[in-house]
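Order of appearance sets the numbers: ligands from 1, and atoms from 1 within every ligand. Below, all heavy atoms of this structure are taken into account, side chains as well, without hydrogens, waters or symmetry copies.
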Amino acid sequence: MNMRTQVAIVGGGPSGLLLSQLLNRAGIETVVLERRSRAHVLARIRAGVLEWGTVELLRRAGAGDRMDREGIVHDGCWLSADGEMFRIDFRESCGVGVMVYGQTEVTKHLYAAQDALGASHRHEVEDVVLHDLDSDAPRVTWREGGQAHALRCDFVAGCDGFRGVSRRSIPESVRQEFEKVYPFGWLGVLSRTPPVQDELIYASHARGFALASLRNPQLSRYYIQVPVETRVEDWSDDAFWEELRRRLPEEIAGTLVTGPAIEKSIAPLRSFVSEPMRWGRLFLCGDAAHIVPPTGAKGLNLAASDVHYLSRALIGFYRSGDAEGLDRYSDTALARVWKAMRFSWWLTTLMHRFPHHGPYERRMQDIELAVLREQPAARRMMAENYTGLPY
Ligand code: RFL
Ligand code: PHB
């Protein structure tokens with residue numbers, strides 16, 4: 001079947017859905033092409049912390065009502081170093097907080113908002129190929145239910161995540177990639193238990209990093225640092241809870257309520273950036289262009305800021321024919337991406353145990369934590385970056 005639209009969006013994760021939503025609300029026609037079923041996309045448990053800019057963008061997209069009712073505003077978080085805790089007060093340091101609300105819920109609301117607008121979504125598409133991206137008439141082809149399809153469009157938005165086709169459609173001679181792979185991952189557990197604390201705790205410990213997070217007053221999310229070769233099957237629920245208890249400060253660990261894991265998975269830690277984020281009529285957004293380690297809670301939030309810049313540029317183009325925003329997109333988005341890269345790398349390096357670290361590096365981690373505890377300017381740096389740099 002041959003079709004035509006204004007913006008073809010490859011990938012129906014948070015980036016693709018939010019972009020489609022903002023464009024449709026501005027009267028721009030889109031088609032979203034997603035490799036998986038909707039149920040599969042909605043079963044993903046990922047990010048949990050929304051910067052204030054992301055919160056406002058979701059509201060502007062008409063997908064913020066339930067988030068505003070059910071999301072929990074956090075005005076600070078805790079850092080613990082070998083059992084001693086101190087708080088970073090976001091509100092006091094920089095005047096804003098964050099919203100604790102799951103990516104799974106955000107995705108669900110975006111789908112509902114898209115349905116209400118009658119936006120076009122194709123699921124379980126295979127063999128997506130992007131053609132003629134360096135011409136005025138790009139095309140996307142794919143197979144669906146055994147049939148071949150083609151979509152002509154003005155622009156293609158590559159929102160298909162780290163393993164998608166979009167980034168790889170940019171010639172290698174044009175692309176420059178920056179990558180750092182960490183020698184560990186995070187083993188995460190979701191459990192229907194009351195969270196151990198009402199604010200997040202990032203814990204540095206001799207046995208490795210741990211994070212106590214949450215989704216709501218009845219749903220907890222915990223992570224522990226594990227060696228990169230670890231398999232989920234190696235960790236029973238009991239072993240996970242025991243290890244988590246050892247890494248959290250004692251008075252906190254004593255109040256931990258445990259229960260069966262309703263989800264358990266391992267995410268490897270990686271930093272990755274591909275430049276440029278635009279080639280011809282293709283624009284990359286979110287994980288298709290960059291990956292951050294989850295320590296700074298920036299992955300989903302960077303997807304949102306990319307979409308903000310791209311939607312503004314496309315709306316400007318369709319309203320007035322002005323291509324300046326599109327021409328500036330890659331540089332504008334990358335400037336913010338690199339700052340979030342730095343923050344995620346800094347917090348990851350500060351809080352984890354690295355196999356190659358000797359006494360010098362360990363002492364530097366201790367001193368950096370002491371600086372945060374003692375110096376308001378250091379806490380402010382952390383608060384400004386954690387709650388989100390301006391768009
Ligand atoms: P996504 O969410 O990966 O969505 C991309 C979508 O594209 C589809 N796709 C294709 N569709 C058509 N054709 C193809 N060839 C396709 N190839 C792929 C995929 O099925 C998918 O639906 O990227 P997006 O939209 O840019 O959103 C980014 C966020 O999802 C991501 O940054 C965060 O989830 C990262 N992340 C986390 N971020 C946090 O801030 N905190 C976290 O705790 C956190 N945990 C995680 C994470 C990412 C993980 N991944 C990617 C392995 C945990 C995991 C396991
Ligand atoms: C989460 O709740 O899943 C979460 C929170 C903060 C992070 C990473 C993950 O830095």
Side-chain angles (χ1 to χ4, degrees), residues 8-20 32-38 40-51 54 72 74 77 98 100-104 106-107 110-111 121-130 140-144 157-169 185-190 195 199-202 209 211-216 219-223 232 263-270 272 284-307 337 340 343-344 347-348 351 386 388:
I9 300 178
V10 186
S15 305
L17 294 174
L18 183 56
L19 181 64
S20 179
V32 175
L33 302 171
E34 166 59 49
R35 191 161 57 100
R36 304 291 197 157
S37 67
R38 185 184 282 210
H40 182 104
V41 174
L42 288 174
R44 291 183 181 130
I45 312 285
R46 289 185 179 170
V49 177
L50 307 181
E51 295 174 353
T54 307
I72 311 171
H74 279 200
C77 76
V98 291
V100 170
Y101 199 59
Q103 177 168 336
T104 317
V106 169
T107 310
L110 284 168
Y111 269 124
H121 286 220
R122 321 276 307 202
H123 278 273
E124 299 184 72
V125 302
E126 294 175 292
D127 303 331
V128 170
V129 182
L130 314 184
V140 184
T141 58
W142 70 96
R143 298 190 66 74
E144 196 182 320
C159 300
D160 49 352
F162 184 58
R163 300 192 187 285
V165 294
S166 298
R167 182 179 67 252
R168 286 178 279 122
S169 305
W186 281 15
L187 171 63
V189 158
L190 187 70
E199 290 183 333
L200 274 66
I201 306 170
Y202 289 83
F209 170 77
L211 170 60
S213 181
L214 61 142
R215 290 291 176 272
N216 63 48
L219 198 57
S220 305
R221 181 71 166 156
Y222 298 106
Y223 298 93
V232 178
E263 198 263 357
K264 198 192 282 169
S265 55
I266 295 184
L269 266 65
R270 180 196 304 271
F272 173 85
L284 300 180
C285 283
D287 281 17
H290 41 73
I291 296 286
V292 281
T295 325
K298 289 285 164 251
L300 175 61
N301 292 300
L302 276 185
S305 58
D306 289 351
V307 166
V337 164
F343 178 67
S344 306
L347 196 56
T348 302
M351 300 303 289
Y386 193 91

### Task
Go through ligand 2 atom by atom and flag the ones less than 4.0 Å from a non-hydrogen atom of R46.
3 (O)
### Query
Using 30° and 60° as the class limits, which term best fits the ring planes of Y111 and H123: parallel, tilted or perpendicular?
tilted
### Query
For atom 2 (O) of ligand 2, which candidate among S213, C77, G296 holds the nearest heavy atom?
S213
### Query
Which of the numbered atoms in ligand 2 are below 4.0 angstrom from a heavy atom of L200?
5 (C), 6 (C)
### Summary
Smallest heavy-atom separation, L50 atom then N301 atom, equals CA-OD1, 3.5 Å
### Query
How does R215 reach ligand 2, by side chain, by backbone, by both or by neither, if only non-hydrogen atoms under 4.0 Å count?
side chain
#### Entry: Nearest protein heavy atom with distance in Å, relative to atom 8 (C) of ligand 2
P294 O, 3.4 Å
### Message
Which label fits F162 and F272: parallel for a plane angle under 30°, tilted from 30 to 60°, or perpendicular past 60°?
### Response
perpendicular
### Message
Do L211 and L200 make a side-chain contact, defined as non-hydrogen atoms from C-beta onward lying under 4.5 Å apart?
### Response
yes
### Task
Enumerate the atoms of ligand 2 whose separation from the nearest heavy atom of V49 is less than 4.0 angstrom.
5 (C), 6 (C)
#### Entry: Nearest heavy atoms of C159 and L19, plus distance in Å
SG-CD2, 4.3 Å
### Query
What atoms of ligand 2 come within less than 4.0 Å of a heavy atom belonging to T295?
10 (O)
#### Entry: R36 side-chain N/O to V41 backbone N/O, donor-acceptor pair under 3.5 Å
no
### Summary
salt bridge (Lys or Arg N to Asp or Glu O under 4.0 Å) filter on R38, not counting sequence neighbours, yields D115
### Query
Heavy atoms under 4.0 Å from ligand 1: which residues qualify?
V10, G11, G13, P14, S15, L33, E34, R35, R36, V41, R44, R46, A47, Q103, V128, C159, D160, G161, G164, V165, Y223, A267, G286, D287, A297, K298, G299, L300
### Task
Quick one: sort the F209 and Y202 rings into parallel, tilted or perpendicular, breaks at 30° and 60°.
tilted
### Task
Measure the shortest side-chain to side-chain distance between D306 and H290 over non-hydrogen atoms and say whether it is less than 4.5 angstrom.
yes
#### Entry: Pairwise distance CG(L214) to CG(L190) - rounded to 0.5 angstrom
10.5 Å
#### Entry: Part of A297 within contact of ligand 2 (heavy atoms, under 4.0 Å)
both
### Task
May I ask which of W186, Y202, Y222 has a heavy atom nearer to atom 10 (O) of ligand 2 than the others do?
Y202
#### Entry: Any I45 heavy atom less than 4.0 Å to ligand 2
no
## Note on the structure
In this structure, CZ of R143 is separated from CD of E126 (nearest 0.5 Å) by 8.0 Å
### Query
For atom 3 (O) of ligand 2, which protein heavy atom lies nearest, and how many Å away is it?
Y223 OH, 2.5 Å
